[in-house]
J.: 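First the structure, then my questions, so here it is.
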Number of protein chains: 2
Amino acid sequence: MRVAAHTDQTVHEILQSMVKKGWRITEQRRTLATLFAHAEGYLSPRDVYDHMTKKYPGMSFDTVYRNLRLLSEMGVLEQFYLNDGLKFKARCQSHHHHHLICLTCEKTYTFEFCPMPSVPELPASFDVVSHRFEIFGYCSDCKQSRKQEKEADKEDE
Amino acid sequence: MRVAAHTDQTVHEILQSMVKKGWRITEQRRTLATLFAHAEGYLSPRDVYDHMTKKYPGMSFDTVYRNLRLLSEMGVLEQFYLNDGLKFKARCQSHHHHHLICLTCEKTYTFEFCPMPSVPELPASFDVVSHRFEIFGYCSDCKQSRKQEKEADKEDE
DNA sequence: CTAGATGCAAACGATTTGCATTACT
DNA sequence: AGTAATGCAAATCGTTTGCATCTAG
């Protein structure tokens, strides 16, 4: 199956969504948009804060949270509860698909197969609204590092 | 497709898991086991606390959390982040399957179809560890109440 | 200019921890 | 009896809120 690196929303698309909603484009929001447009996986509020404060040392956590929440409500970002808390990434706007998610680096890889068409008939009494299908594992990069760790462990014995 | 009401672990099975791990069976843990064995859907720590304090008015929140965590680590309970926080339910031990989840009452309905066998070949470079597939919607009970609410809304106009 | 965005500090809710007491085994 | 489980209170963490100040439009 064709599995693509995550296709991002462009910075421009994200900023456009903000403008459409009548929100102001501040320096920080521009940087935030750039961050998410280029991110390959899920980011925690902490990740975002750390990244932003490098450029804007005065930036506060509540501004990060405020913008994450606003962008989520707007549909620009999607949330996902991963291992150790809520994470965010730019929602794929293009088309419906699912993800491979690396348990180590939390990068996502798009794949096109959707199981819903092959699901046998569900009870008519249940109104289907949405579904989720994710495959978890280790991407080639992280698999590599895990392998090396194991070998290092053996040497210790 | 055959969709069954959730098949629970029995109280006995849950207690056995505790004993196997060398944990003591207290009055409260017995009640906790009974609660989860009979629960039809996900329970929040708050739900559990409310249920437990009816029987044991002195029971504290931290005991609820401690036991939820222990039971989760033991594999008796599974966690799920649903809308408004972390929820718990007895893990289905019997066999692999997936769930319909009602967005209102959070009850779960088991179905037997698993999409993994039909997934086209994934890149060999990705080590698959697990997957999740859930279908969200409204069960017949909650659909009914939603319908009634809508009608009530119309009358207000 | 002026509504919306930010920084600060404080509030808040959910969860965890330390310690003395209680109760399974 | 001895050790694990509990209750209590306080600490901690992540997230939200109120308000004065600042800034994009």
Side-chain angles (χ1 to χ4, degrees), chain A residues 11 14-35 42-74 76-77 79-88 106, chain B residues 11-12 14-36 42-74 76-77 79-88 106:
Chain A
V11 179
I14 296 178
L15 293 177
Q16 270 316 102
S17 304
M18 293 187 186
V19 171
K20 233 180 284 176
K21 286 272 179 176
W23 297 348
R24 295 185 180 169
I25 308 304
T26 63
E27 268 293 299
Q28 285 136 323
R29 282 184 173 169
R30 195 180 299 276
T31 306
L32 194 63
T34 309
L35 172 61
Y42 287 89
L43 302 175
S44 67
R46 169 105 243 154
D47 294 334
V48 175
Y49 176 76
D50 289 345
H51 182 271
M52 296 297 287
T53 44
K54 270 182 205 155
K55 199 157 177 180
Y56 310 99
M59 183 148 197
S60 56
F61 240 112
D62 49 82
T63 301
V64 170
Y65 276 111
R66 263 191 289 250
N67 282 315
L68 288 178
R69 185 143 56 90
L70 289 172
L71 288 171
S72 300
E73 283 169 6
M74 229 166 68
V76 169
L77 297 182
Q79 308 181 354
F80 196 94
Y81 195 87
L82 222 41
N83 307 320
D84 49 339
L86 213 46
K87 306 293 173 67
F88 298 80
E106 299 187 347
Chain B
V11 180
H12 183 70
I14 296 178
L15 293 176
Q16 270 317 101
S17 303
M18 292 187 186
V19 171
K20 233 181 283 175
K21 286 273 178 175
W23 296 348
R24 294 183 181 170
I25 308 303
T26 63
E27 269 291 297
Q28 285 136 323
R29 282 184 174 169
R30 195 180 300 275
T31 305
L32 193 63
T34 309
L35 171 61
F36 274 109
Y42 287 90
L43 301 175
S44 67
R46 169 103 242 156
D47 294 334
V48 175
Y49 176 77
D50 289 345
H51 182 270
M52 296 297 287
T53 46
K54 269 183 206 156
K55 199 156 176 180
Y56 310 99
M59 182 149 197
S60 54
F61 242 113
D62 49 81
T63 300
V64 170
Y65 277 111
R66 264 190 290 250
N67 282 315
L68 289 179
R69 184 142 57 90
L70 288 172
L71 287 171
S72 300
E73 284 169 7
M74 230 167 67
V76 169
L77 297 183
Q79 308 183 354
F80 197 94
Y81 195 87
L82 221 43
N83 307 320
D84 48 339
L86 213 46
K87 305 294 174 67
F88 298 80
E106 300 187 346

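Proteins come first, then strands; the chains are lettered A, B, ... in the order of their sequence lines, and each starts at number 1.
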J.: Whole Å only: how far is the CG atom of A:L86 from the P atom of C:dG13?
T.: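 Rounded to whole Å, this separation is 19 Å.
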J.: Output one line per pair: protein atom, nucleotide atom from nucleotides 18-25 of chain C, and distance, for all N/O pairs under 3.5 Å.
T.:
{"from": "C:dC24", "atom 1": "O3'", "to": "B:I25", "atom 2": "O", "distance (Å)": "3.3"}
{"from": "C:dC24", "atom 1": "O2", "to": "B:R24", "atom 2": "NH1", "distance (Å)": "3.2"}
{"from": "C:dT25", "atom 1": "OP1", "to": "B:I25", "atom 2": "N", "distance (Å)": "2.6"}

J.: What integer distance in Å separates A:K87:NZ from D:dT15:P?
T.: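 It is 10 Å, rounded to the nearest whole Å.
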J.: For B:E27, is there any backbone N or O sitting under 3.5 Å from a side-chain donor or acceptor partner on B:Y56?
T.: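 Checking the backbone N and O of B:E27 against the side chain of B:Y56, a donor-acceptor pair under 3.5 Å is found.
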J.: What integer distance in Å separates A:Y56:OH from D:dT23:P?
T.: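 Value for this atom pair: 13 Å.
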J.: Does a side-chain N or O of A:Q28 approach OP1 or OP2 of C:dT6 to a distance below 4.0 Å, or not?
T.: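 Answer yes for this pair, as a side-chain N or O of A:Q28 is under 4.0 Å from OP1 or OP2.
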J.: Taking the side chain as every heavy atom from C-beta outward, state whether B:R46 and B:D50 have any pair of such atoms under 4.5 Å apart.
T.: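 The answer is yes; the side chains approach within 4.5 Å.
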J.: Check the orientation of A:Y42 and A:F80. Use parallel for under 30°, tilted for 30 to 60°, and perpendicular for over 60°.
T.: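 Plane angle between 30° and 60°, so tilted.
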J.: What is the separation between atom CZ on B:R46 and atom P on C:dG13, rounded to the nearest whole Å?
T.: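 Rounded to whole Å, this separation is 11 Å.
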J.: Would you say the side chain of A:L32 lies within less than 4.5 Å of the side chain of A:M59, judging by non-hydrogen atoms?
T.: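 Answer no - side chains too far apart.
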J.: Can you tell me the distance, in whole Å, between the CE atom of B:M59 and the C1' atom of D:dA5?
T.: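 One finds 10 Å between C1' of D:dA5 and CE of B:M59, rounded.
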J.: Mind calculating the distance between OH (A:Y49) and P (D:dC13) to the nearest angstrom?
T.: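 In whole Å, D:dC13 P lies 15 Å from A:Y49 OH.
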J.: Do B:Y81 and A:L86 come within less than 4.5 Å of each other through their side chains, counting heavy atoms only?
T.: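 Yes, their side chains come closer than 4.5 Å.
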J.: Whole angstroms only, please: what is the CG-P distance between B:L70 and C:dT17?
T.: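 One finds 12 Å between P of C:dT17 and CG of B:L70, rounded.
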J.: Any side-chain heavy-atom pair from B:L68 and B:F36 closer than 4.5 angstrom?
T.: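 A side-chain contact under 4.5 Å exists here.
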J.: Quick check: do A:W23 and A:S17 have side-chain heavy atoms less than 4.5 Å from each other?
T.: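 They are not in contact (no side-chain heavy atoms under 4.5 Å apart), so the answer is no.
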J.: Considering just the side-chain nitrogens and oxygens of B:R69, establish if one lies under 4.0 Å of OP1 or OP2 belonging to C:dT17.
T.: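 Yes, within the criterion.
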J.: For a quick test of reading the model: is some side-chain N or O of A:T63 closer than 4.0 Å to OP1 or OP2 of C:dG7?
T.: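 Checking C:dG7 against A:T63, a side-chain N or O does come within under 4.0 Å of OP1 or OP2.
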J.: Rounded to the Å, how far apart are A:F61 CZ and C:dA10 P?
T.: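 Those two atoms, CZ and P, are 18 Å apart.
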J.: Kindly point out which of C:dT6, D:dT6, D:dT16 is positioned nearest to the side chain of A:N67?
T.: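 Among the listed nucleotides, the one closest to the side chain of A:N67 is C:dT6.
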